[in-house]
A.B. asks: 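Quick one: structure below, then a few questions.
FYI, side chains are in, hydrogens and waters are out, and symmetry mates aren't considered; it's all heavy atoms of this structure. Residue numbering restarts at 1 for every chain, and letters A, B, ... go by the order of the sequence lines.
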Protein chains: 2
Amino acid sequence: MGGHRLTHDRPGPAGQPAIDDAGPHPDPLPWPSRLRSLPSWLVGKTSSHAHRVTTEAFAAISARKYHYALLASLAEFGPSSQADLGRRCSFDRSDVAILVNELLEAGYVERTQDPADRRRNIVALTPAGRERLAEFDRVAAGIQERLLGPLGADERAELVRLLTRVLDHLGGVVH
Amino acid sequence: MGGHRLTHDRPGPAGQPAIDDAGPHPDPLPWPSRLRSLPSWLVGKTSSHAHRVTTEAFAAISARKYHYALLASLAEFGPSSQADLGRRCSFDRSDVAILVNELLEAGYVERTQDPADRRRNIVALTPAGRERLAEFDRVAAGIQERLLGPLGADERAELVRLLTRVLDHLGGVVH
DNA sequence: TGCCAACGTTGGCCACGCCAACCATAACAG
DNA sequence: CTGTTATGGTTGGCGTGGCCAACGTTGGCA
């Protein structure tokens, strides 16, 4: 995310279809069985799909999934410093700065200097931000549906449980 | 992976610890509950950990996980063209070219021109490649152990089953 | 008072996944 | 046979994501 990123506009050639490769269905061959039974491989592939689907779904409403994380954090824990936002969402400070600027520009948050500690910025949700978060909730629900399609409610819960335990063990969660 | 990548050496400053931030334990705050219950978020975080652990483990034996995929494919399906390798492991053609060069340089595969179709390269495992693959198997097993730590055998199998179903539904697997 | 830590900001790096272009070769249509 | 289309391998490049380094500002503490 770093660098002078502020621009996530993709001009794109938008020209004719490519001269060379075109087919969107290059008939995928089966994976090696060693990979098919490797949890780390499966998690990576699933994450890759999830990332693509999520990015597209949020882009369709001119948003980014990272915005969802920040607004969700603000809604649940109240106005926070950017450092706390980063800790809660496990984002780097520098990335939080950019994301907050984006949200600020769209009017979903407001940023004020903490009078009690003039190093801190206090980022707070605006009413428009609360509405945006509700929209994000709907988008996120649709994404889960598209991703987990055939899984029943109990299986989805089981998946969440297993992943949560793994993450907990890896020190990524509450601790 | 694209570009003139052939170099995955990381020089690294290796200097003193940073002047600014130092603490490796920035006391992680709990995630927003909206994210904690979002499968796509959990999968992404798990994948992130898995990627890091895997990359480190393979780097420790001067390898990359992508090498594992290619050698596994060659061992299971026999000598293949680079295009088939890419389809089987879902790698881009350009990335396969580089990976094969790396494996070639290390002596784990050999590359010959297909006499029946002079466009194709036939990539085949060498005896050293088979030994290397066995080493990769051991490393991969260790990685699963580190990642899935507290999960029992049945839970790991359930996780694999759920992820496989999701991937199947997403069109990423056999179909 | 002086030192160190934390915050926000800017700039940058690199791996990853992907695309575009190119040439050589093959397959196919007329 | 000939033109067209498709495939394979290679090189170069791009955009994103995650992260680090450095700096000025401010607060906490000895």
A.B. asks: With nearest nucleotides of DNA chain D determined for Val96(B) and Asp114(A) from heavy-atom distances, which residue corresponds to the more 5′ nucleotide?
C.D. replies: Val96(B)
A.B. asks: Would you tell me if any nitrogen or oxygen in the side chain of Arg64(B) comes within less than 4.0 Å of OP1 or OP2 on dC16(C)?
C.D. replies: yes
A.B. asks: If I take atom CG in residue Asp92(B) and atom C1' in nucleotide dA15(C), what distance separates them, rounded to the nearest angstrom?
C.D. replies: 15 Å
A.B. asks: Phosphate oxygens OP1/OP2 of dG9(D): is one of them under 4.0 Å from a side-chain N or O of Gln113(B)?
C.D. replies: no
A.B. asks: How many whole angstroms separate atom CD of Gln82(A) from atom P of dT25(D)?
C.D. replies: 17 Å
A.B. asks: CZ of Phe91(B) versus P of dA15(C): gap in Å, rounded?
C.D. replies: 16 Å
A.B. asks: Under 4.0 Å between a side-chain N/O of Tyr66(A) and OP1 or OP2 of dG17(D), yes or no?
C.D. replies: yes
A.B. asks: My understanding is that only one of Val123(B), Asn101(B), Leu85(B) makes a side chain to side chain contact (heavy atoms under 4.5 Å, CB included) with Val96(B); could you say which?
C.D. replies: Leu85(B)
A.B. asks: Of the candidate nucleotides dG9(D), dC16(C), dG17(D), which contains the atom at the shortest distance from the side chain of His51(B)?
C.D. replies: dC16(C)
A.B. asks: Would one find more than 12 heavy atoms of other residues, nucleotides or ligands at under 6.0 Å from atom CZ of Arg156(B)?
C.D. replies: yes
A.B. asks: Can you tell me if Arg52(B) touches the phosphate of dC16(C), counting only side-chain N or O atoms and a distance under 4.0 Å to OP1 or OP2?
C.D. replies: no
A.B. asks: What is the distance from atom CG of Leu99(B) to atom CG of Leu71(B), rounded to the nearest 0.5 Å?
C.D. replies: 10.0 Å
A.B. asks: By a strict heavy-atom criterion of less than 4.0 Å, which residues belonging to residues 116-123 of chain A are in contact with DNA chain C?
C.D. replies: Arg119(A), Arg120(A), Asn121(A)
A.B. asks: Once you round it to whole Å, what is the distance between P of dG17(D) and CH2 of Trp41(B)?
C.D. replies: 12 Å
A.B. asks: Has Arg93(B) got a side-chain N or O lying under 4.0 Å from the OP1 or OP2 atom of dG12(D)?
C.D. replies: no
